[in-house]
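Scroll down for the structure; my scribbles are underneath it.
Sequence lines set the chain letters: A, B, ... in the order given, protein chains first and strands last, and positions in each chain run from 1.
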Amino acid sequence: MEYSFNAIEKKWQEKWKADRIYQVSNLSTKPKCYVLDMFPYPSGTGLHVGHPLGYIASDIFTRYKRLKGFNVLHPMGYDAFGLPAEQYAIDHGIHPATSTKQNISNFREQLDRIGFSFDWSREVNTAEPNYYKWTQWIFLQLFNSWYNRGKAQARPISELIAAFEEEGSISVSGYRAIPSFTASEWGAYNEKQQQDILMEYRLAYCGFGEVNWCEALGTVLANDEVINGFSERGGYPVVKRKLRQWYLRITEYADRLLEGLDKVAFSDAMKEMQSNWIGKSYGAEIDFAFATGDTKKLRVYTTRPDTIFGVDFMVVAPEHELIPALTTAAEKKSVEEYISYVKSRSERERLAEKKITGCFTGSYVLNPFNQRQIPVWISEYVLAGYGTGAIMAVPCGDERDFKFAQHFNIPITNIIGSHFDGKEANPTKDARLENSDFLDGLPMREAVPLVNNKLMELKIGNPRVNYKIRDAAFSRQRYWGEPFPIRWENGVAYPLDEKDLPLELPKVETYKPGPDGEGPLANLKIWTSKHLETNTMPGYAGSSWYYLRYMDPHNTETFCSRGASDYWNQVDLYIGGTEHAVGHLLYSRMWAKFLFDLGLIGFDEPYKKLVNQGMIQGSSRFVYRIEIDGSDEMEALAKQKPIFISAGMKNKSLPELQEEIKYILRKSWGADAEKIKIISISSLHVDVSLVDGLELDVTAFTAWRPEYAQSSFVLENGKYICGSEVEKMSKSKFNTVNPNELVEKYGADTFRMYEMFLGPVEQSKPWDTKGIEGVHRFLRKLWRLFFDETKGKVWTTDPATDAEWKVLHKAIKKLDEDTDRFSFNTAVSASMITVNELGELKTHKKEILEQLLILLTPYAPHICEELWHELGNEGSVLNAPYPVYNEKLLVESSKLYPVAINGKTRTELNISLEANQEQVEEMVLADESVKKWLNGNSPKKVIYVKNKMINIVV
RNA sequence: GCCCGGAUGGCGGAAUUGGUAGACGCGCCAGACUCAAAAUCUGGUUAUCGCAAGGUAGUGCAGGUUCGAUUCCUGUUCCGGGCACCA
């Protein structure tokens, strides 16, 4: 009986579906486990082998936990709003809902073949009104809430209004730079004034922010769509422009997002990335008076108030509001030129710029401690959004300040004595201060509180905690996103009534931008006549809370009942890529904290454990085409009948090559081929499916594209050998591999195990289809423990031997350990070893094989289910009792110890595990080969580590 | 530029807490079966010297700690991910 994987897999997938075997209930006496994959965007290009990597890992873990007695929630759905669908709509006139639906169905079809255990009855789709109704609802809760710093939690805005009515702004005056007011002043404000003040506190609020504006396209562009200051489509110039935008006040949660990292099992790298992003720093704000005597002050934020006497110049961001006041008539022209240059540059370009740029304003401010005149410069390396948008530059201690000073010949004051060599800045905190007035002689660390006290005493500044994180821009001038449940009246935003949700996205005729930078919705009469908000929400709106909807996906009363979220609680295992490190993960953590504050869920960290899967890179293949110089006719002929040379010849000198292939040139292009000259060799991506290893299937290649139909090939040893390179897997590089083809050829079980066998899930690695054969062979070997291809059934009910039990229990131990620590690659390897060992022992015994099947079920569910039934079992192997490891079966009495002399292993000795130091020394020193290595010298020391090794030091 | 990773045979990788570097698989080489091929099975496979026994070197590079370092520390090179509107 043969292993007919295709038939077996189809049979069981249908059976599992019919039996709804993966449907889980919210009511169970079993312990729960929630295993989640990061929300996929259903891309039009379909899945390649890199996509399912994380899904296979989570599926293995899901099945493993289920076998171990857990009620496991393992759902899947779609983050269906997004830019690519809208761009596709613009290009092809197909409604995003239609193309998205098509993409989802392709996606689903591909997933189903791999045999995942998703509970599809819980599928969600962020673009469907019954889902985004609740995204809008949560937005309304954010809009109607403010952050009470005293209580360190979000509270209803009504509480803030009540406080304003009772005592004015007194309890929240430190929050924002708005004038304080009394209760009676509040009462006297008109509606607009009151609402404007409230807007300063709402957790979802409207403000102004800079966007990438492309005048020629009349639209706002994503960073992705801007390349070096020009639009990706059309190459039109892009500048920054301020637009009205919605924001989420994530900054209020900065501390809690930071502290929360201690409660979750994320990798240290992930935690570090998040905490760097939040960027909490302790420093001071200091006011510098204008040298002109103007009452205006230039306020800077510094993390190093101790270096105040080392300030040699100031740098303000090009967007800084005081620039007009600071710019002197003489410098006006150059300042304007500089600012317009900066406007054309993205924030990324500004930060990455190595070239030093800047411009002097012509003005000076005064150091508040010694009244020294300090020039004020403008430079793009200072960002408006961070701190106060202005810095005090201390070139002896800061690298960028130092380079700036050097570049513009600004004299440098040394306040750290010998710690500064004049060649590069030294950011030390341990030097003793010099040239620093009342701080002279103090270690820098000790000077910080002193300066801070003095700032407060003189009322010229104060200590200040700052965060790098900024409020999250929450609106897009786009069509394909959730509409905001907001209506505008006289410049005031009013929330829609909850009963009017969902506010459905209307159908539009065109996806062209609206007037004046607004989104496509601004073109709709039915929309604008109701004064509805024309922005839509960004991609991360729906994905910030989707893990909750899976718990209670069909609830029409609420986004997720408290009963459901209390039962399933946090996600126990979350698998996805590191690219979401600071975006999605921070946003969804913030939303969880917010929902927790309002008592809507009972936990404030959504993901208990996070595993980041690595990227699967593509292995590209190249063919080498010769390019020629000749007559027009010859060049046209060369294009029509291209000649490709095998990889081994591409490094030959061109004349040598020409000489070598002249026969082929003449054969392809006729006698005139003598008159051409080979001038270069181009390497072209070739579809990896046309290549076996490195050998090109030339017939398939000529059939691939019409322009290659008349190709000729220069072979080496009768083969055309391709070049190869590891690159990102993408359609445009023709290096994608479709999982469908592999499942077709080897089966889903082989595919799953091979993806895992490639290497650790967390690590990036190149894809190579070749190795899949080895895994397939392993499954065939497993099959042969049960069935012989000619003899049929070979398994028996004979009792197993000790040696066989030992092999089984070694496997139980190893697979448990490896699966628990997500080391799936070593688990696959351990499975291979087990099957190899059972093969050597000629084991065909049911009592061993049956348990082995349960162990392998998470990895290769189909073959295990089939064989499980062949052994005569009823019911699914997924409901079988998981084998329990018995350590007594693996006890050894002795060990073959490596014996090293001076750290180099020289021999091995079998020694009882009971042996003590003296016994070991005696045995080791009596050994012939040890004696030989000692060469008469007496050992200084014998190191004996029980169950590990022995080392003799001479 | 800044932040975070990674680097081990021809290739993917293993070595879980500092203790025999290269498990497992691919590829390659040799052999068995076969008219032949495929499939399958057996053996070999880091480099280098050696008929062999065995020796020497070896985990990106340069140092350090240690009886002992792929593992810890310092510096450095290259590659990948992210950098706030791709999702």
Please give the distance between the P atoms of B/A52 and B/A47 as a whole number of Å.
14 Å
At under 4.0 Å between heavy atoms, what does A/Lys940 touch on the DNA or RNA strands: base, sugar-phosphate, or nothing?
nothing
Heavy atoms only, 4.0 Å cut-off, all strands: where does A/Gln245 land among base, sugar-phosphate and nothing?
base
Any donor-acceptor pair under 3.5 Å linking the side-chain atoms of A/Tyr859 with those of A/Thr819?
yes
Using a heavy-atom cut-off of 4.0 Å across all strands, would you classify A/Lys948 as base, sugar-phosphate, or nothing?
sugar-phosphate
Would you classify A/Glu773 as touching base, sugar-phosphate or nothing, given that sugar-phosphate means primed atoms plus P, OP1 and OP2, and contacts are heavy atoms under 4.0 Å?
nothing
Between B/C61 and B/G25, how far is it from one P atom to the other, in whole Å?
29 Å
Could you let me know what B/A53 is paired to, Watson-Crick or G-U wobble, both distances under 3.5 Å, or none if it's on its own?
none
When all nucleic acid strands are considered with a 4.0 Å heavy-atom cut-off, which category describes A/Ser475: base, sugar-phosphate, or nothing?
base
Near A/Lys931 NZ, under 6.0 Å, is it more than 12 heavy atoms from other residues, nucleotides or ligands?
yes
Base partner of B/G80, which must satisfy Watson-Crick or wobble distances under 3.5 Å:
B/C4
So what's B/U42 paired with, Watson-Crick or G-U wobble, going by both distances under 3.5 Å?
B/A30
Would you say the side chain of A/Met832 lies within less than 4.5 Å of the side chain of A/Val775, judging by non-hydrogen atoms?
yes
Nearest-nucleotide comparison on RNA chain B, the residue closer to the 5′ end among A/Lys770 and A/Pro760
A/Pro760
Whole-angstrom distance between B/A37 and B/C28, as gauged at atom P:
16 Å
Mate of B/U66 where both pairing distances stay under 3.5 Å, Watson-Crick or G-U:
none
Touch class at under 4.0 angstrom, heavy-atom based, for A/Asn836 against every strand present:
sugar-phosphate
Among residues at least two apart in sequence or on other chains, which ones pass side chain to side chain donor-acceptor pair (under 3.5 Å) with A/Ser894?
A/Asn910
Contact class for A/Arg821 (heavy atom, under 4.0 Å): base, sugar-phosphate, or nothing?
base
Salt bridge (charged side-chain N to carboxylate O under 4.0 Å, His left out) filter on A/Glu837, not counting sequence neighbours, yields A/Lys810
Show your reasoning for whether ring-ring contact (aromatic ring centres under 6.0 Å, His included) applies to A/Tyr381 and A/Phe404.
CA-CA 10 Å; A/Tyr381 78 87; A/Phe404 193 89; 5.7 Å; yes
CZ on A/Arg780 to OG1 on A/Thr750, rounded to 0.5 Å:
8.0 Å
Glycosidic torsion of B/G22 (syn if within 90° of 0, anti otherwise) classifies it as anti
Nucleotides bounding contact with chain A, strand RNA chain B, heavy-atom threshold 4.0 Å
B/G1 to B/A87
Partner of A/Phe39 under ring pair (Phe, Tyr, Trp, His ring centres under 6.0 Å), chosen from A/Tyr55, A/Phe81, A/Tyr546
A/Tyr546
Determine the interatomic distance between P on B/A62 and the same-named atom on B/G58; round to the nearest Å.
10 Å
For residues 238-248 of chain A, pull every pair meeting side chain to side chain donor-acceptor pair (under 3.5 Å), keeping only residues two or more places apart or in separate chains.
A/Arg241-A/Asp516, A/Arg244-A/Glu533, A/Gln245-A/Ser475, A/Gln245-A/Gln477, A/Trp246-A/Glu533
Under the criterion ring pair (Phe, Tyr, Trp, His ring centres under 6.0 Å), which of A/Tyr587, A/Tyr132, A/Tyr131 is the partner of A/Trp545?
A/Tyr131
Pairing check on B/C24: which nucleotide meets the Watson-Crick or G-U wobble criteria with it, both distances under 3.5 Å?
B/G12
Could you tell me whether A/Lys781 contacts a base, only the sugar-phosphate backbone, or nothing, with contacts defined as non-hydrogen atoms closer than 4.0 Å?
sugar-phosphate
If you measure from the P atom in B/A21 to the same atom in B/U16, how many Å do you get, rounded?
13 Å
Mind checking if A/Ile772 touches a base, just sugar-phosphate, or nothing, with heavy atoms under 4.0 Å?
nothing
Within residues 575-586 of chain A, those residues having any heavy atom closer than 4.0 Å to RNA chain B are A/Thr578, A/Glu579, A/His580, A/Val582
Closest nucleotide of RNA chain B for A/Pro40 versus for A/Gly771: which of these residues is on the 5' side?
A/Gly771
Using a cut-off of 4.0 Å on non-hydrogen atoms, how would the nucleic acid contact of A/Glu762 be classed: base, sugar-phosphate, or nothing?
nothing
Using a heavy-atom cut-off of under 4.0 Å over every strand shown, decide if A/Val226 touches base, sugar-phosphate, or nothing.
nothing
Please report whether the ring centroid of A/His584 lies less than 6.0 Å from that of A/Tyr540.
no
Say we look at B/U48 and B/C11: how far apart would their P atoms be, to the nearest angstrom?
15 Å
Quote, to the nearest angstrom, the C1' distance that separates B/U59 from B/U46.
11 Å
Tell me which nucleotide, if any, is Watson-Crick or G-U wobble paired with B/C86 when both distances must be under 3.5 Å.
none
Check every strand shown and say whether A/Leu896 touches a base, only sugar-phosphate, or nothing at a heavy-atom separation below 4.0 Å.
base
For B/G18, the nucleotide meeting Watson-Crick or G-U wobble distances (both under 3.5 Å) is none
For A/Glu252, what residues pass the side chain to side chain donor-acceptor pair (under 3.5 Å) criterion, not counting sequence neighbours?
A/Arg149, A/Arg176
Just checking A/Trp213: base, sugar-phosphate only, or nothing, at a heavy-atom cut-off of under 4.0 Å?
nothing
Check every strand shown and say whether A/Val211 touches a base, only sugar-phosphate, or nothing at a heavy-atom separation below 4.0 Å.
base
Distance between C1' atoms of B/A87 and B/A39 (Å, rounded):
46 Å
